[in-house]
Amino acid sequence: QQPVQSPQAVILREGEDAVINCSSSKALYSVHWYRQKHGEAPVFLMILLKGGEQKGHEKISASFNEKKQQSSLYLTASQLSYSGTYFCGTSPGGSNYKLTFGKGTLLTVNP
Amino acid sequence: KAGVTQTPRYLIKTRGQQVTLSCSPISGHRSVSWYQQTPGQGLQFLFEYFSETQRNKGNFPGRFSGRQFSNSRSEMNVSTLELGDSALYLCASSSQQGSRLSGNTIYFGEGSWLTVV
């Protein structure tokens with residue numbers, strides 16, 4: 001079942017913060033975050049495994065709460081280069097080797 | 001390290017024809033998966049191969065098929081093309097060192113843009 005992302009779109013000014021949420025109705029083992037710019041391939045940002053850990057990548061970090069079956073991506077002090085569509089991909093673990101992606105969140109950062 | 005390479009990048013086919021797309025994974029990666037991306041449906045999983053065996057399959061009709069070769073390169077084929085098959089087809093590879101996808105990063109190629117007219 002497809003995870004639900006919110007918001008669907010967000011517009012920021014450079015330097016502002018944003019949070020993108022990803023929720024699943026199924027138990028999760030891991031959440032994968034990607035960013036895709038128009039006409040390009042999705043680029044890996046980070047994986048979060050069950051355990052509620054928080055990971056970071058420069059000014060982008062994420063958390064994963066397996067009890068609530070949700071993950072959040074935090075973008076702080078946004079830059080123009082952060083613009084793109086953010087996808088979360090979820091995996092239930094076990095021997096399931098596929099990711100189920102949300103519909104994406106379009107992030108636009110303006111000067 | 002070279003990334004995931006997909007060919008061709010762009011192609012136009014006529015309804016009823018068939019098409020074959022090719023993917024070369026990152027060197028050393030043995031898992032290759034395919035996704036279809038459309039504006040309406042987003043990223044949808046087609047199938048995944050590991051060591052020449054299909055391990056998982058998405059909910060697509062039998063017109064969509066794939067295979068993997070001993071060098072981990074993969075191809076996917078769509079027969080009897082329909083207008084709705086127009087999409088970006090993305091290949092992704094993973095090292096799959098562990099027994100589960102969960103702890104392994106998957107890396108996407110640039111994709112093959114297919115237009116069916």
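Throughout, protein chains are lettered first and strands after them, A, B, ... in sequence-line order, and every chain is numbered starting at 1. The figures here come from the full heavy-atom set of this structure, side chains too, leaving out hydrogens, waters and symmetry mates.
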Quick one: does A/E16's side chain have a donor or acceptor within less than 3.5 Å of a partner on A/R13's backbone? yes

With the side chain counted from C-beta on, respond yes when [X] and [Y] share a heavy-atom pair under 4.5 Å apart, and no when they do not.
| X | Y | result |
| --- | --- | --- |
| A/Y82 | A/I60 | yes |
| A/S71 | A/L48 | yes |
| B/F50 | B/S72 | no |

Any residue of residues 73-91 of chain B which, by heavy atoms, sits under 4.5 Å from chain A: B/L88, B/L90

Taking the inter-plane angle between the rings of B/F108 and A/Y34 on a 0 to 90° scale, is it parallel (under 30°), tilted (30 to 60°) or perpendicular (over 60°)? perpendicular

For the ring pair B/F45 and B/F47, is the centre-to-centre distance below 6.0 Å? no

May I have the step-by-step check of side-chain contact (heavy atoms from CB on, under 4.5 Å) for A/V43 and B/Y107, ending in yes or no? CA-CA 7 Å; A/V43 173; B/Y107 298 92; over 6 Å; no

Taking the basic N atoms (NZ, or NE/NH1/NH2) and the acidic carboxylate oxygens, is any pair closer than 4.0 Å for B/R55 and B/E48? yes

For B/Q37, is it the side chain, the backbone, both or neither that has a heavy atom under 4.5 Å from a heavy atom of chain A? side chain

Just to be sure I understand the criterion: a residue of residues 101-111 of chain A counts if one of its heavy atoms is under 4.5 Å from a heavy atom of chain B. Which ones qualify? A/F101, A/K103

For the CG atom on B/N59, are there more than 12 heavy atoms of other groups (residues, nucleotides or ligands in this structure) within a distance under 6.0 Å? no

Can you confirm whether more than 12 heavy atoms, excluding those of B/R15, are under 6.0 Å from its CZ atom? no

